[in-house]
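Heavy atoms only: backbone and side chains are in, while hydrogens, waters and symmetry mates are out. In this text, all values refer to a predicted model and were calculated from it rather than measured experimentally.
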2 protein chains.
Amino acid sequence: MELSERKQKILGAIVELYIKTGEPVGSKSLLSELDMSVSSATVRNEMAELSALGLLEQPHTSAGRIPTNDGYRYYVDNLMVNRQVDESLRRRIEAGFGSGISDPEKLLERAGEVLADLTGCAAVSTTPSGEGAYIRRVEAVPVGTKTAMIVLMTSTGVIKSKVARSDFDLNASVLESFYNVVKASFVGKLLSEVDTAMMQTLVASMGGDVFTLLPLITAVSDLAQEAVHTEVMLGGQSNILHHNSYYGNTAYELLEFLRRGEPLSKLLSSATEGKDVDVKIGSENPYRQLMKSSVIVSNYNIDGNRRGSIGIIGPTRIDYANLIPSVKYLTDLVGELLTQTFKEE
Amino acid sequence: MELSERKQKILGAIVELYIKTGEPVGSKSLLSELDMSVSSATVRNEMAELSALGLLEQPHTSAGRIPTNDGYRYYVDNLMVNRQVDESLRRRIEAGFGSGISDPEKLLERAGEVLADLTGCAAVSTTPSGEGAYIRRVEAVPVGTKTAMIVLMTSTGVIKSKVARSDFDLNASVLESFYNVVKASFVGKLLSEVDTAMMQTLVASMGGDVFTLLPLITAVSDLAQEAVHTEVMLGGQSNILHHNSYYGNTAYELLEFLRRGEPLSKLLSSATEGKDVDVKIGSENPYRQLMKSSVIVSNYNIDGNRRGSIGIIGPTRIDYANLIPSVKYLTDLVGELLTQTFKEE
DNA sequence: ATTTAGCACTCTTTGGTTTTGAGTGCTAAC
DNA sequence: GTTAGCACTCAAAACCAAAGAGTGCTAAAT
């Protein structure tokens, strides 16, 4: 869509003013913000044309204009200039991580909280995906004569644990054969390789040990499954109230929607293919509950591989110019932290 | 405070009716619920007296009565009969835990979610306190030539991990001396014994190894600190909206308050000394933000020792008779699950 | 001494009416 | 193409009246 320079200037100003004030923008109040040597009537004509193009709309006939989804989209794609993440903000972000959290789950949770505080939006973050990660180590720690805690650690530093209960005494020799099996069949394997087929052939090949070891081995497999799954975490829910106090009762619906991790997970993974930062505005979102919200998501990479996402959810009239860079900055930082921590030299 | 039998009956009925409907209870509507052979005027007189005693109040002169905090308190202490947790509810609770989550942190988080869903309130839960727990095992897993992931497991099944970075190569002999130190000075120790004093004497006694081992040992100590700390988790925030849509704007304030773990933690630990289930009503709570809320908290025990708490936060007009037993039931269940899992036979 | 019927009074809620004012679209002149 | 002017629209605010639920009080009844 081609717009005259003047139309662009007007559209941009309306979007920004509306983002700032939340009030529909009228031709006069727009002029007082913008130094243009034209009259309000001229602006009105332009606004009428922008409306006809579907970029602006009116809540009712005698009100000012607000941007439509397409209006925001045009703004984000063509008009907006990303603000720099300024020094003080950077410091706040970095301070938010405090001293070396190295558990990735905790780190990502914290990242969500930091982002939520910073942006005043709800924030989502996912733990690093286990795709491509392999099993680095497995331990069996006896906690009783017949029970042991199985601990699995992946190459991405994720640690999962679970108690396994056997019908037999877990004496030294049993543990030894357990470690043998683990060493032969699990350590170094990709998490995704540990599936039911693999387990079946493993069990078939085990012979006599199978009864004593089965519960332990099963636990290892369970943990591997768990570690592949990315977990979705949500923070800053209270911020939604802040925004949606206008929107009436949708706040509850939105919060309720965000509680369910599964749709969120889809949202994050579908987003941001290829692009640096993905912005979905209002009805561009695939879920009814997000029709009035915008979602800004970015991926973090560990060692150059995309491993997870961090994003924020806010009203469509969100401060794109400032927040998109913020999300990007935080995401990159998280990627760096994780890469550094788990770099294999 | 002594009340005539009739006053008790009236107060109880008002509390229950108000809890059910949320509307101030008038003398007539009360009579239609209650089969008493007196007139509304008599009831009015009684109500006036209950008001004078500070058990009832009126939102405005010409409205029905609602219970005051003291009114609720009297009801909970003297009038209420705990409902049984019925079969279907038990099943829902037990189903909520699915198949063997044995990571205590995850289990408690899940418990909070289950409780929130069940009660329609926000729920808080704490991870098992490390007080009295000892260090069961420590592992150092190399992730690079100079970095290792330190994993610590406690007797209560809590697992904490952290990456330690050294200036020296972590070769086999370094790891061996690390394990020696760990075996001698950490394994079997109470978490609370690992403090700065203990660390200082340890470092002093270490001699030449100190430079290579210090980062690793420090990490162990950090993890022990972390493991003593109970973590507070919050679930079901969206439910607060549900209730507080009446209350005006307090919902945001409340949510914002609940985000901060620290006051919550105090709340939980101060509560429920000795008692089975602790109920704090409105202004009985030590925080301004909770003045209009009630908190129902109960402890769970592992092996007979109090280890943490689970509770719900709702409006003062919460269904005490049903929810108090529910909280109790869930708490006991969690205690049992954790006890079973980590029982040392 | 309680209980009750009756009544005047209070105060929120509800709904309708009016006023206000920001903002528009159109027309005609520049 | 731009602008001044003007009639028109419509949400929001202000105002008012009526309705209704509920009370407290008094005086009679039990």
Side-chain angles (χ1 to χ4, degrees), chain A residues 2-11 13-15 17-18 20-68 71 245-248 317, chain B residues 2-11 13-15 17-18 20-68 71 245-248 317:
Chain A
E2 288 289 320
L3 291 188
S4 75
E5 196 167 333
R6 194 170 64 188
K7 280 202 181 59
Q8 293 198 351
K9 196 168 169 190
I10 289 177
L11 177 58
I14 289 179
V15 171
L17 199 56
Y18 181 64
K20 203 164 78 185
T21 67
E23 303 280 306
V25 181
S27 49
K28 274 189 204 145
S29 51
L30 180 60
L31 265 184
S32 68
E33 286 290 312
L34 214 55
D35 52 336
M36 292 181 81
S37 48
V38 291
S39 77
S40 65
T42 314
V43 174
R44 272 205 296 283
N45 287 333
E46 297 282 47
M47 282 163 76
E49 287 180 51
L50 287 168
S51 291
L53 289 170
L55 299 174
L56 294 178
E57 64 183 342
Q58 298 174 277
H60 52 268
T61 10
S62 69
R65 301 298 210 290
I66 63 178
T68 61
S245 54
Y246 317 102
Y247 290 44
R317 56 165 281 258
Chain B
E2 289 288 318
L3 291 188
S4 74
E5 196 167 331
R6 193 169 66 187
K7 280 202 181 59
Q8 293 198 350
K9 196 169 169 188
I10 289 176
L11 176 58
I14 290 178
V15 171
L17 200 56
Y18 180 64
K20 202 163 77 184
T21 67
E23 304 279 307
V25 180
S27 49
K28 276 191 205 142
S29 50
L30 180 60
L31 265 183
S32 67
E33 285 291 313
L34 213 54
D35 52 339
M36 291 181 82
S37 48
V38 289
S39 77
S40 65
T42 312
V43 174
R44 271 206 296 284
N45 286 333
E46 297 282 47
M47 283 163 76
E49 287 179 49
L50 287 167
S51 291
L53 288 169
L55 298 174
L56 295 178
E57 66 183 342
Q58 298 173 278
H60 51 268
T61 9
S62 69
R65 301 299 209 289
I66 62 178
T68 61
S245 53
Y246 317 102
Y247 291 43
R317 59 166 277 262

(Q) Using every non-hydrogen atom in the two residues, find where B/Ser27 and B/Ser40 come nearest and quote the distance to one decimal. (A) CB-O, 3.9 Å
Q) Looking at residues 30-40 of chain B, who's got a heavy atom less than 4.0 Å off DNA chain D? A) none
Q: Go through the structure and list residues passing salt bridge (Lys or Arg N to Asp or Glu O under 4.0 Å) with B/Glu33, not counting sequence neighbours.
A: none
To the nearest Å, how far apart are [X] [atom1] and [N] [atom2]?
X       : N      : atom1 : atom2 : result
B/Ile66 : D/dA21 : CD1   : C1'   : 16 Å
B/Glu23 : C/dT12 : CD    : P     : 15 Å
A/His60 : D/dA11 : NE2   : P     : 6 Å
A/Ile14 : C/dG23 : CD1   : C1'   : 13 Å
B/Ile10 : C/dT3  : CD1   : P     : 10 Å
B/Tyr18 : D/dA21 : OH    : P     : 19 Å

Q.
Tell me the bend of the helix from C/dA1-D/dT30 to C/dC30-D/dG1 as the angle between end helix axes, each from five pairs, rounded to the nearest 10 degrees.
A. 20°
Contacts of type side-chain hydrogen bond (donor to acceptor under 3.5 Å, both in side chains), residue [X], not counting sequence neighbours:
X       : answer
A/Ser51 : A/Arg65
B/Thr61 : none
B/Ser29 : none
B/Gln58 : none

Q. How about A/Leu3 and A/Leu50: do any of their side-chain heavy atoms sit closer than 4.5 Å?
A. yes
(Q) List the residues meeting side chain to side chain contact (heavy atoms under 4.5 Å, CB included) with B/Glu23, not counting sequence neighbours, and say none if there are none. (A) B/Thr21
Q: Mind jotting down which residue pairs meet the salt bridge (charged side-chain N to carboxylate O under 4.0 Å, His left out) criterion with at least one end in residues 41-60 of chain B? Sequence neighbours excluded, please.
A: B/Arg6-B/Glu46, B/Lys7-B/Glu46, B/Lys7-B/Glu49
Check nucleotides 24-27 of chain C against the protein and report each pair of N or O atoms closer than 3.5 Å, with its distance, or say if there are none.
| from | atom 1 | to | atom 2 | distance (Å) |
| --- | --- | --- | --- | --- |
| C/dT24 | OP2 | A/Ser27 | N | 3.4 |
| C/dT24 | OP2 | A/Ser27 | OG | 2.8 |
| C/dG25 | OP1 | A/Arg65 | NH2 | 3.0 |
| C/dG25 | N7 | A/Arg44 | NE | 3.2 |
| C/dG25 | O6 | A/Arg44 | NH2 | 3.3 |

Q. Roughly how far, to the nearest 0.5 Å, is CG of B/Leu30 from NZ of B/Lys9?
A. 10.0 Å
Q. For B/Val43 and B/Leu34, what are the C-alpha separation, side-chain angles and deciding distance, and is it a side chain to side chain contact (heavy atoms under 4.5 Å, CB included)?
A. CA-CA 11 Å; B/Val43 174; B/Leu34 213 54; over 6 Å; no
